[in-house]
Amino acid sequence: MVSALSAPHFHNEEAAYEYVEARIWPQGPVCPHCGGVERISKMQGKSTRIGAYKCYQCRKPFTVKIGTIFEASHVPMNIWLQAMYLIAGSKKGISSNQLHRTLGVTLKTAWFMSHRIREAMASSSDRIMGGNGGEVEADETFLGNKKEAKVGASYHHKMKVFSLVERRTGVARSFVIDKVNAAEIGPIVARNVSTETRLMTDEASHYLSIGKPFLTHEVVKHGLGEYVRGERHTNTVEGFFSIFKRGMRGIYQHCSEKHLHRYLSEFDFRYTNRAACGVNDKDRADIALAGIVGKRLTYQTTGKA
Ligand SMILES: [Zn+2]
């Protein structure tokens, strides 16, 4: 038996750099300053930082961290890879407190690392879901309490999440919404789902107008105790919500609305790349690693680790 965590890139910082470089620079190092690929050499010598290269085109040094979620972080690369593996491999997520205890980093660092890893997991796909008569399920759910509690209907003080799940691929896409109505949900559906789709929703009235442009709009009447009628159901998206809510209740107990979209990225990512879709823990961590590039602007909002 070999533990997944015994791989060298989890223990040796040089091996960790090589592991990341092989995935970010499959054709060899690329200078992040000038884009050069030719006159680059690895810096040698005892005082040299691990993973340092020099570009002789622009004469600047660099590492693979530049332009990624790892930039400006002092956490050793192998610890980053451990954190990514743990978050990618835990079905309901892993708390900052747990990361802090397991990795031996401070709680504050663990919190920043978690948020940066969520940035890496955030989908940059603009692929349209559904099409060719495929099924997409749409539903919303409520979570916790908003700080600025409003009076009125019982869900007004809750945070609201709208999700789409494409049945064929198992891809989940989730959105924080302010109000549960056609004005807010309609544009999200229109932007993300092909009209050549069988749209599956419950009987909520806001879906009446939203469903009109689609090949079919199939409605399951939960109010009448109906949950499945052949292919007409929303069980897939409800299954996604159940994992998300168990994770948010059990692992991430305190989440402000400001950060909710980050947690949604994490749950969308794991669900989309789950074992039932043929993705094992190692592959899932590697897919997250492929997403570390080009996320600088958003991660800067979470400060420095
Ligand atoms: Zn250069």
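Values reported hereafter were calculated over all heavy atoms of this structure, with side chains retained and with hydrogens, waters and symmetry mates removed. Atoms within a ligand are numbered from 1 in the order they appear, just like the ligands themselves.
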I'd like to know if R270 pairs up with E266 as an ion pair, taking the criterion as any Lys NZ or Arg NE/NH1/NH2 lying under 4.0 Å from an Asp or Glu carboxylate oxygen. yes
R246 to F244 six-membered ring, cation-pi geometry met (6.0 Å, 45°): no
Does the distance from a Lys or Arg side-chain N to an Asp or Glu carboxylate O, for E135 and R168, drop under 4.0 Å? no
Lys/Arg N to Asp/Glu carboxylate O, R198 vs E218, below 4.0 Å: yes
Show all protein N/O/S atoms under 2.8 Å from the Zn ion (ligand 1), or state that there are none. C31 SG, C34 SG, C55 SG, C58 SG
Could you tell me if D286 and Y19 have a donor-acceptor pair between their side chains, going purely by distance under 3.5 Å? yes
Regarding R118 and the six-membered ring of Y252, is the cationic atom NZ or CZ under 6.0 Å from the ring centre and inside 45° of its axis? yes
